[in-house]
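Some notes on the structure that comes next.
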Amino acid sequence: MTHANHDETCIFCKIINLEIPAVKVYEDDSVLAFLDIRPVNKGHTLVIPKDHFENIYSVPAELWCRMMLVAQKVAIGIKNAVSADGINIIMNNESAAGQLVFHAHIHVIPRENEDGLVHWPHKSYIDEEETKNIAEKIRDALSL
Ligand code: AMP
Ligand code: ZN
């Protein structure tokens, strides 16, 4: 079945349409979860909407909620299945953030103590004024 919002050049749409294989772990009418082909750790799973949306900006709110519910279900499943010490939930949006496949997807990544992965470095605000200014800009943007 071709989903309403389908991009025929998109590799994840091809997975949804069974044109290329994937190892599925969960599926319902609007969301699919399958193993990442190049896992950060074994069990690394991607949660995607069956309709094609590029990233978090364009996924409709209700569908986003469904994806998050599946991400939670999958996170708990992976934790139990591979006895993960921890789980990262990550989403890359736009190339600047490392997005390579432009069909929205949430990474569910099992972690082990001392698995060698390094967390990203942190910066500091110059001062309290800069901190407040940035928060104000975000609040303004949210109230649009
Ligand atoms: P991102 O950088 O967030 O766009 O991540 C894309 C992810 O998709 C990468 O972790 C890839 O390993 C994964 N990926 C790409 N092609 C496939 C595929 N055919 N089946 C499963 N995972 C894939
Ligand atoms: Zn797609």
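Every heavy atom of this structure was used, including side-chain atoms; hydrogens, water molecules and symmetry mates were not. Not measured: the values here are computed from a predicted model. Start at 1 and go down the list; that is how both ligands and their atoms are numbered.
- You'll find the side chain of Pro49 stays beyond 4.5 Å of the side chain of Trp64, heavy atoms only.
- Close approach to Arg38 involves these atoms of ligand 1, each under 4.0 Å from a residue heavy atom: 12 (O).
- For His103, the N, O or S atom closest to the Zn ion (ligand 2) goes by the atom name ND1.
- Residue Gly98 places a heavy atom less than 4.0 Å from ligand 1.
- Contacts between Phe102 and ligand 1 below 4.0 angstrom, taking non-hydrogen atoms only, are absent altogether.
- A donor-acceptor pair is defined here as one N or O able to donate and one able to accept, closer than 3.5 Å; no such pair exists between the side chain of Asp7 and the backbone of His52.
- Salt bridge present: Glu128 and Lys132 bring a charged side-chain N and a carboxylate O closer than 4.0 Å.
- Counting only distance, with no hydrogens or angles, the side chain of Thr131 and the backbone of Asp127 share a donor-acceptor pair below 3.5 Å.
- The ND1 atom of His52 and the SG atom of Cys10 subtend an angle of 110° at the Zn ion (ligand 2), given to the nearest 10 degrees.
- At distances below 3.5 Å, not a single donor-acceptor pair connects side-chain atoms of Asn17 with backbone N or O atoms of Glu19.
- In terms of polar-atom proximity, Leu46 is not counted as a contact of ligand 1, lacking any N or O under 3.5 Å from an N or O of the ligand.
- Side chain of Lys42 to backbone of Pro110: no donor-acceptor contact under 3.5 angstrom is found.
- Under the 3.5 Å distance criterion, the side-chain polar atoms of Ser30 are left unmatched by any main-chain donor or acceptor of Asp28.
- For the pair Leu100 and ligand 1, the shortest N or O to N or O distance falls below 3.5 Å.
- Residue Val101 has at least one N or O atom closer than 3.5 Å to an N or O atom of ligand 1.
- Checked against a 3.5 angstrom limit, the closest N/O atoms of Asn92 and ligand 1 fall inside it.
- The proximity of Leu35 to ligand 1, defined as any non-hydrogen pair under 4.0 Å, is limited to the backbone.
- Shortest contact from atom 17 (C) of ligand 1 to any protein heavy atom: Ile37 CG2, 3.8 Å.
- Residue side and main chain included, Cys13 places an N/O/S atom under 2.8 Å of the Zn ion (ligand 2).
- For atom 12 (O) of ligand 1, the closest non-hydrogen atom of the protein is Asp36 OD1, 2.5 Å.
- For Met91, no heavy-atom contact with ligand 1 is shorter than 4.0 Å.
- Centroid-to-centroid, the aromatic rings of His105 and His103 stay 6.0 Å apart or farther.
- Taking a 4.0 Å cut-off on heavy atoms, His105 registers as neighbouring ligand 1.
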